[in-house]
Amino acid sequence: STKPVRIAVTGAAGQVSYALLYRIASGEMLGKDQPVILQLLELPNEKAQAALKGVMMELEDCAFPLLYGMEAHSDPAVAFKDTEYALLVGSRPRGPGMERTELLAANAQIFTAQGKALDAVASRNVKVLVVGNPANTNAWIAMQSAPSLPRENFTAMLRLDHNRALSQLAARMGKPVSLIKCLAVWGNHSSTMYPDYRFASMEGESVKDIINDDAWYKDVFLPTVAKRGAAIIEARGQSSAGSAATAVIDHMRDWVMGTQGRWVTMGVPSNGEYDIPKNVVFGYPVTCSGGKYTIVEGLKFDDEFSQDRIERTLAELISEQDAVKHLL
Ligand code: NAX
C-alpha cells in the first residue's frame, strides 16, 4: 500500500532511538514500499526537545523516499494519535541511590499515562512494543491501562536476548546463526531469563547433542547471555544501542511480515500457557503469520533445571507486578 502508516517512538532522542529511526525511515522495519510518518515523543524539557529537533534535522538530511512526515511531541495523548505502531523506548533509568521499588514506581507512572493515551487515541489495531526497562512489567502496565485495546497487541522486547543467545550458540558450533532453529528464551527481560536450547536444531540435528557439553551450557553460555548487557556497558561505556535497535526491527518486522514457521522470542501476555498466570507479560517462543503471533505450545518441562529456571523468572515478574499494582 502507498498510504503512509503512523509510527510513534518514545525516547526518540535517546541512543537506542538514534540507532533505530534511520532504519525505520529507510524501510527496514515495514518494507521498502511502505511510507511512514514518525510521531516522536520526548520529555517536555528544553534539552530533550532540542536534541529531538537535532535528530529530526538529520533524518531530514537523509532524504528518505519513504519518510512522508515527522512530528515532535511532548504529550503522549497527541503523539499516539492514530498510530498503528508504538515503540515505547523511553523510560526512567535508575538514578544514583534509587531503590528498585522507586524505579518501578516511576515507570509505572510513565506507562500508565502512555497506556491511557494509546487507549484514547491510537489506532484500534496498534501494535505496541515496549523496550524501556523493566520492559515486561512496563508492557503489562500499559496493557492494563488500555482496556479498550486488544491485550495481545502489547508486547515486550526479548529479541535482543534471543539474538544474543543465537550468536553464542552459533559461535560455539562454528556455524552461521541462520542455521539454528527453534531456540526459546523464557520469562523476564532481565538476568533471570532462561535461554533454552533443548528444542533447538541445526540442519536437522539437536543443538544440545552437537554441543554435548552441559557444563559449558550452564556455566558459560547462560551467564554470558544473562550478563551481556553489563559486559557491553563495561566495554563501551554505554548500554547496548545498535543491537537493541536491530532487535526492535527484527521483532516488529517478524510480527508484521511473519516468520514462515521460524520460532522467535517475544514477551507477550500469557493466556495461561505453561502455567504462567494470565496477563503476565512473559518471554515465549512464538511464530508469526498474518500480523499475529502464536505461542508455541506443547513443549515439555520434564527436567528440574528448566522448571526451576521458569519458576525463578516468573517469581521476579510477579514481584515486579506486586510492587506496582496499587499504582494502576
Ligand atoms: P537513553 O537514556 O539514551 O534514552 C532514553 C530517552 O527516553 C531519553 O532521551 C529520555 O529523555 C527519554 N524519556 C524518558 N522518559 C520519557 C517519557 N516518559 N516519555 C518520552 N521520552 C522519555 O536510553 P537508551 O539507551 O536509548 O535506552 C532506552 C531504554 O531501553 C532504557 O530503558 C533501557 O533500559 C532499555 N533497553 C532495553 C532493552 C531490551 O532488550 N528490552 C535493550 C536496550 C536498552 O538497554
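Sequence positions, counted from 1, serve as the residue numbers for this chain. As the structure lists them, so they are numbered: ligands from 1, and atoms in each ligand from 1.
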Among protein heavy atoms, which sits nearest to atom 4 (O) of ligand 1, and what does the distance come to when rounded to 0.1 Å? Gly14 CA, 3.2 Å

Any side-chain heavy atom of Gln144 sitting closer than 4.5 Å to one from Asn279? yes

Any heavy atom of Arg92 closer to ligand 1 than 4.0 angstrom? no

Heavy-atom proximity to atom 18 (N) of ligand 1, picking from Ile232, Ile110, Asn138, Thr10, points to Ile110

To the nearest 0.5 Å, tell me how far Arg124 CZ sits from Ser148 OG. 4.5 Å

Distance-only side-chain donor-acceptor flag, Gln321 / Thr137, under 3.5 Å: no

Taking atom 24 (P) of ligand 1 as the reference point, the nearest protein heavy atom with its distance: Val16 CG2, 3.7 Å

Report the nearest protein non-hydrogen atom to atom 9 (O) of ligand 1: residue, atom name, distance rounded to 0.1 Å. Glu42 OE2, 2.6 Å

Is Asp302 salt-bridged to Lys300, cutoff N-O under 4.0 Å? no

Name the closest protein heavy atom to atom 43 (C) of ligand 1, giving the residue it belongs to and the distance to 0.1 Å. Ala244 CB, 3.4 Å

Pick, from Gln109, Gln114, Arg94, the option with the minimum heavy-atom distance to atom 19 (N) of ligand 1. Gln114

Within the structure, does at least one protein heavy atom fall under 4.0 Å of atom 2 (O) of ligand 1? no

Given 3.5 Å as the limit, does a donor-acceptor pair link the side chain of Tyr274 with the main chain of Leu299, or not? yes

Ligand 1 to Met157, heavy atom cutoff 4.0 Å, flagged ligand atoms 39 (C), 40 (O), 41 (N)

Proximity to ligand 1 by part of Val131, non-hydrogen separation under 4.0 Å: both

Closest protein heavy atom to atom 21 (N) of ligand 1, given as residue, atom name and distance to 0.1 Å: Gly11 N, 3.4 Å

Do NZ/NE/NH1/NH2 and the carboxylate oxygens of Asp196 and Arg309 come within less than 4.0 Å? no

Check this for me - ligand 1, Ser17, N or O atoms closer than 3.5 angstrom, yes or no? no

Heavy-atom proximity to atom 22 (C) of ligand 1, picking from Leu129, Leu43, Leu40, Val248, points to Leu43

Assigning hydrophobic clusters by single linkage (Ile, Leu, Val, Met, Phe, Trp, Tyr; side-chain heavy-atom cutoff under 4.5 Å), is Val89 placed with Phe80? no

Checking heavy atoms under 4.0 Å, the part of Ser91 that sits near ligand 1 is both

Can you tell me the protein heavy atom closest to atom 42 (C) of ligand 1 and the distance? Leu160 CD2, 3.7 Å

Under a plain distance cut-off of 3.5 Å, with no hydrogens placed, do Asp322 and Ser319 share a side-chain donor-acceptor pair? no

N or O pair under 3.5 Å between Asp161 and ligand 1: no

Checking Asn188 against Glu320: is there a side-chain donor and acceptor pair closer than 3.5 Å? yes

Do me a favour and list the nearest non-hydrogen protein atom to atom 28 (C) of ligand 1 with residue, atom name and distance? Val89 O, 3.3 Å

Check for me whether Ser239 has a heavy atom closer than 4.0 Å to any atom of ligand 1. yes

Identity and distance of the protein heavy atom lying nearest atom 34 (O) of ligand 1: Asn133 ND2, 2.8 Å

Between the side chains of Asp254 and Arg159, is the shortest nitrogen-to-carboxylate-oxygen separation below 4.0 Å, so that they form an ion pair? yes

Hey, is Arg6 close enough to Glu71 for a salt bridge, meaning N to O under 4.0 Å? yes

Looking only at non-hydrogen atoms, which of His162, Gln15, His189 approaches atom 25 (O) of ligand 1 most closely? Gln15

Under a 3.5 Å threshold, yes or no: a donor from one side chain and an acceptor from the other, between Thr155 and Tyr293? no

